[in-house]
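Values reported hereafter were calculated over all heavy atoms of this structure, with side chains retained and with hydrogens, waters and symmetry mates removed. In the text below, chain A, chain B and the rest are named by the order of the sequence lines, each starting its count at 1.
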Number of protein chains: 2
Amino acid sequence: MNQIIPTPSLKRLPMYYRELIRAIDSGIRYMNSSQLGKVLGIPSTQVRKDLSYVADQGRPGVGYNTRSLADTLENFLGLPQPKNAVLAGVGNLANALILFPGFRHYGIHILYLFDNDPGKIGQELAGRPIYDIHDMAEIIHEQHIPIGIISTPSAAAQQVADTMIEGGVKSIWNFAPITVHATRNVFVLNQDLTVEMAILSFSTLHSDE
Amino acid sequence: MNQIIPTPSLKRLPMYYRELIRAIDSGIRYMNSSQLGKVLGIPSTQVRKDLSYVADQGRPGVGYNTRSLADTLENFLGLPQPKNAVLAGVGNLANALILFPGFRHYGIHILYLFDNDPGKIGQELAGRPIYDIHDMAEIIHEQHIPIGIISTPSAAAQQVADTMIEGGVKSIWNFAPITVHATRNVFVLNQDLTVEMAILSFSTLHSDE
DNA sequence: TAGATTGTTAATCGATTAACAATC
DNA sequence: TAGATTGTTAATCGATTAACAATC
């Protein structure tokens, strides 16, 4: 997908960003790589290395200006650009996601909800109407929606993904416990909570005193 | 935490398990490393390497018996052992988690819910009473609960984690957007969805046609 | 047996980390 | 200036992958 920055580094950037915002909210104007690393459990060398992919903003002897580094990361991650999204599969998880305060802050706006259950189509959830999934590809296409979120049962997930891709999304966030594959060059983030659950299970039993 | 198996391999085991269960449900009795790798987007060499940490069950020329490999993985991950859990912070996410069908299958049972909101304490959610968070450490201790799930706002998360650790949990699954640290030797899984959101944002804007 | 696929060694690749000159 | 911290090079570490003898 990108060669700008190694994937492990990319995954840490949002954490730096998150902590910088927290620091700014506490009135902290400068942080150095050791402080930033400490709250995240990351060595300071790695913090500097990661940040070097993004910008060279640090002041030797001083550290990083929290506001300006946060801005740099924000722009690098594309958070200020509004990005519309559709969500397919209206259940409990969908409900939690829609009400999740994070989305707005990260520029992601869930505009349309879809389901295939006639009992749900036409109803509302959190003020958003639920549409027939058969209309999804068309709406994605017409409205140029770049993000698809899948919270259907796993049996439906791949087909729903195909429909989203057909409509023209650029990325998919899949919560169904299955690895969804993209035909075209679409970014797919498979977020299977049962995988984490299994690791939690293993770790609970191996947490050696 | 463990030297039995490298962390990246450990994280793939639940996916193999998941696909094996799916295969079994479809009546498939054998799968080889290429087939298993294909559905997950993983090279067959890596599949074999990963599985070699767990057992040597494959039959050259044939592949893996789905039932027996699934059993091996299940036991390795500790899924059959019942593991009780408490959850702190009763909001929308908590609601989705409690109703998530996956937990039971992975042997995790959310027994007690806690909150600090007097308006919620004494109420019920999905048939479970909501207790005062001030009683959490004591209940964890008395009932020997090994897992703590955090779905509080981030400002409360570290303190809630400390209380869980004080009570004696062995592992913590934290959904608050903050990196929680463990004092003792407790496994902490920080599941910050805003991190994924930021990566989704970046990837959406960099999905090069 | 011939064909297929495993388990594992060794080579490759890429990420992390130590060290330090540059610089505020 | 002296002290602190950056950005980056080079060394280390560990994971992925290619290759192949062992084996069903």
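Summarising the local packing, CD of Gln159(A) is surrounded by 12 or fewer heavy atoms from other residues, nucleotides or ligands at distances under 6.0 Å. Heavy atoms of other residues, nucleotides or ligands lying less than 6.0 angstrom from NE2 of His134(B) number 12 at most. The number of heavy-atom neighbours closer than 6.0 Å to NZ of Lys38(B), taken from other residues, nucleotides and ligands shown, is 12 or below.
Using a 4.5 Å cut-off on side-chain heavy atoms (C-beta onward), Phe202(B) and Phe187(A) make no contact. Residues Ile139(A) and Phe114(A) form a side-chain contact, since some pair of their non-hydrogen atoms from C-beta on lies under 4.5 Å apart.
A donor-acceptor pair shorter than 3.5 Å cannot be found between the side chains of Lys49(A) and Ser9(A).
The interatomic distance linking Asn32(B) (CG) with dT6(C) (C1') rounds to 10 Å, in whole Å. Between Ile5(A) atom CD1 and dG7(D) atom P there is a gap of 14 Å when expressed in whole angstrom units. The interatomic distance linking Gln57(A) (CD) with dG7(D) (P) rounds to 9 Å, in whole Å. Between the OH atom of Tyr64(B) and the P atom of dT5(C) there is a distance of 12 Å, given to the nearest Å.
Secondary-structure stems of DNA chain C, taken as three or more successive Watson-Crick or G-U wobble pairs (i with j, i+1 with j-1) under a 3.5 Å distance threshold, comprise C:3-24 with D:3-24.
Evaluated for a side-chain contact (heavy atoms from CB on, under 4.5 Å) with Met31(B), the options Val47(B), Leu69(B), Leu36(B) yield exactly one hit, Leu36(B).
In this structure, Ser33(A) reaches the sugar-phosphate backbone alone: every heavy-atom distance under 4.0 Å involves primed, P, OP1 or OP2 atoms, never a base. No contact: Gln35(A) has no heavy atom under 4.0 Å from any strand.
Of all heavy-atom pairs spanning Ser151(B) and Leu87(B), the tightest one is OG-CD2, 3.5 Å.
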| remark: Protein heavy-atom contacts under 4.0 Å, written 5' to 3' over nucleotides 14-24 of chain C as B (base), S (sugar-phosphate only) or - (none), form the string -SSSBB---BB

